**Q** 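I have a structure here, written as structure tokens, and I will follow up with some questions on it.
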Amino acid sequence: MDEKISRLINMAVSQINAGMVIIDSDRNIIFWNRFMQIHSGIAEGDIEGKNLFELFPDLKGSGIEKKIDSVFLLKNLAFTSWEYRPYLFKFANTHSVIGAEEWMQQDCTFSPLIDEAGTVTHICLSVFDSTNTATYQNKLLRASSSLIKQRNKLATINQKLEEAQNQLLQSEKMAAVGQLAAGVAHEINNPVGYVNSNISTLESYLDELMQMLAAYEACEPALDESSELTKAMMLTKETIDLDYLKEDLVNLIKESKEGLDRVKKILQDLKDFSHVDESDWQFSDLHKGLDSTLNVVSNEIKYKAEVVKHYGDIPEIKCLSSQINQVFMNLLVNAAHAIESHGTITITTNIEGEGISIAIEDTGSGIPEDKLPRIFEPFFTTKPVGSGTGLGLSLSYNIIHKHDGKITVKSEPGKGTKFQVWLPHNPPEQPIQ
Amino acid sequence: MMQIKEQFNEDRRDALQEVVNIAMGQAGDSLAKLFSTFVELSIPKFHLCDVTELNQELSKNAAYAEKITILRQPFSGQLRGEGIAIFNNNGVSELANLMGYEGEVTSNNEREMLLDVCSILIGACLNGVTSQLEIALSYTAPTIISQNTTVNEFFNPESIQWRYAMIMEIRLTLEQYDFKSNVLLFLSEDSFPPLIDKLDQMLEEI
């Protein structure tokens, strides 16, 4: 080659802004360009003939020996990347004033130098400064990981919002049902009122009529039996079966009054249950709430289970009674649904600590152990599609929580489930939803 | 496609197979020396396929059904393409020790080691071919393109720019280490004419 070009190439190798190291087959360094001298502080004269691994002991046992072996054996290229190995040679950062990386980040390539016979005699190691790229890349990584964190946080918040919204919806639905019930109760109350009053009047009139009839009957022996009028009267008396009629009339009135009493009771229960007129925190009797709820849901329960009450001597507690009744209703309906053919629902109330405990226990199918931790989750339901919203227990949980109370569950598949609610006697008032 | 298939007639295919077999023999020898263990290299299989069929083609291989790590090394010059190395995730830390990473093997060590092995395998496969056919190639540093993925997730036709690719499939097994790797060499369409020329030259010399 032209001597001039050869001199230029030497100059270029010396001046190129990348490290260049030539290693012989004994892994001794035989060349070390200006870039390497400047960054390592080791002059070319001081490295000549020295072993790469003796000069840089950190490189031992880190896979570099095999990389070099592979280049000698297979004539392929070997690489290191700053991403997985920040540097091969520990050089001070080139971006010393404004920079985040402490050491120069390097991308390195091991290339084979092959003689005419096709044998690899030396290896050329080139070292490129990738500090700038690495700094930006690392910044980007940090930024994107913080973005991911924020996104996950937002997703959690969104989910919570959605749950809250659904519970609100359910709670509003319940309130609307309550209001409707109260409205219907109010509307029915009036006609039932005058029917009731009329029946009472009717009863007293009837009583008087009976007295009158008795007086007429007392006259019967004095009548002329052969008279046509008397014959007609006796025939009528026989045809209408007066004796039975007298007896039955009394019964009919009595039964009608009983029926009206039941209607009045149901109306009162509906009012008590919905508590439209008392949606504030008030001291109330839980037994009354339980009983009115039992009446409201009696249709769901009466063919399924016998209700056994073990009511203790408990004081009134401060609560939002309409909401507490909703909880009772959910628990009672769930208990009835859990019973396949016929069973028992036991309600027990007691004083416990600074509050009251209410246990509702059924002899139903129970909840499998793996599902137990999830039953208070919104939308979790074991009922067939369409029959449960999966919100009842979640709503109950929140209501009890709002009362500073506790709701716990114990269940044994095949034997039954026991929900235990504990409510404090006088909890701090929380805003009504 | 038909045209390209016709260009790769039986003579040319046989010639390429021969070249590749010799290359693999040499590579197997060198790899055994490097790893100091018995290395089993399969006889390379060729597929010439449309990219849309690639997925289907690759899915036939049961080895690609599991979760895998995919690396690639581009090469350019008279032949242009990318070498794709697929590793199953077994025996990686043992292999790292075999490759001279001592002590506790970090995930970065493992990744660098897989890159080393990718470069070694692709280099070993291609160097043997290029030296026989006197083709000059240059290589770019390999990169990990996907970890814990499946072939179906990775090779979708939208992500591949070439319409046709010649795929050379080589399987490497290190028996002692339960380590398996498949190397796919993708040649771009525009690499076919120079490759055919070189094969014809070789056929004439015989």
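Numbers restart at 1 for each chain; the letters A, B, ... are given by sequence-line order, proteins then strands. Because the structure is a prediction, the values reported are computed rather than measured.
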**Q** Taking only heavy atoms into account, what residues of residues 82-91 of chain A are found under 4.5 Å from chain B?
**A**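 The list, in residue order, reads A:E83, A:Y84, A:R85.
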**Q** Which of residues 14-22 of chain A have a heavy atom under 4.5 Å from any heavy atom of chain B?
**A**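 If one takes a 4.5 Å heavy-atom cut-off, no residue of residues 14-22 of chain A lies near chain B.
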**Q** For A:L77, does its backbone N or O pair with a side-chain atom of B:S119 as donor and acceptor, under 3.5 Å?
**A**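 A pair under 3.5 Å: yes.
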**Q** Is there a side-chain contact between A:T80 and B:L115, using heavy atoms and a 4.5 Å cut-off?
**A**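 Sidechains of B:L115 and A:T80: no contact.
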**Q** For the CG atom of B:D29 and the CG atom of A:L73, what is their distance to the nearest 0.5 Å?
**A**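 Interatomic distance, B:D29 CG to A:L73 CG, rounded to 0.5 Å: 10.0 Å.
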**Q** Atom OH in B:Y101, atom NZ in A:K66: separation rounded to 0.5 Å?
**A**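 It comes to 12.0 Å.
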**Q** Minimum heavy-atom separation for A:F79 and B:Y139, please, with both atom names.
**A**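 Closest approach of A:F79 to B:Y139, heavy atoms only: CZ-O, 4.3 Å.
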**Q** Sort B:S36 into side chain, backbone, both or neither according to what part of it lies under 4.5 angstrom from a heavy atom of chain A.
**A**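 Side chain only.
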**Q** Residue by residue, which of residues 51-63 of chain A have a heavy atom closer than 4.5 Å to a heavy atom belonging to chain B?
**A**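 Within residues 51-63 of chain A, near chain B: A:G61, A:S62, A:G63.
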**Q** Using heavy-atom distances under 4.5 Å, tell me whether B:Q73 contacts chain A through its side chain, its backbone, both, or neither.
**A**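 The side chain, not the backbone.
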**Q** Given that the side chain runs from C-beta out, which part of B:N127 has a heavy atom under 4.5 Å from chain A: side chain, backbone, both or neither?
**A**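 The side chain, not the backbone.
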**Q** Rounded to the nearest 0.5 Å, what separation is found between the CG atom of A:L74 and the CG atom of B:L126?
**A**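 Output value for this atom pair is 12.5 Å.
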**Q** Can you list everything that forms a ring-ring contact (aromatic ring centres under 6.0 Å, His included) with A:Y397? Sequence neighbours excluded, please.
**A**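 So A:Y397 forms a ring-ring contact (aromatic ring centres under 6.0 Å, His included) with A:F376, A:H401.
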**Q** Go through the atoms of A:K75 and report whether side chain, backbone, both or neither lie under 4.5 Å from a heavy atom of chain B.
**A**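 For A:K75, heavy atoms of backbone and side chain both lie under 4.5 Å from chain B.
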**Q** For chain A, which candidate among B:E112, B:M113, B:M99 shows the most heavy-atom pairs at distances under 4.5 Å?
**A**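 Looking at each option in turn, the highest pair count goes to B:E112.
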**Q** Is it the backbone or the side chain of B:I122 that comes under 4.5 Å from a heavy atom of chain A, or both, or neither?
**A**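 For B:I122, neither part sits under 4.5 Å from chain A.
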**Q** Going by the side chain to side chain contact (heavy atoms under 4.5 Å, CB included) test, name the single residue among B:V117, B:I120, B:D116 that passes it with A:S70.
**A**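 Answer to the side chain to side chain contact (heavy atoms under 4.5 Å, CB included) test with A:S70 among B:V117, B:I120, B:D116: B:I120.
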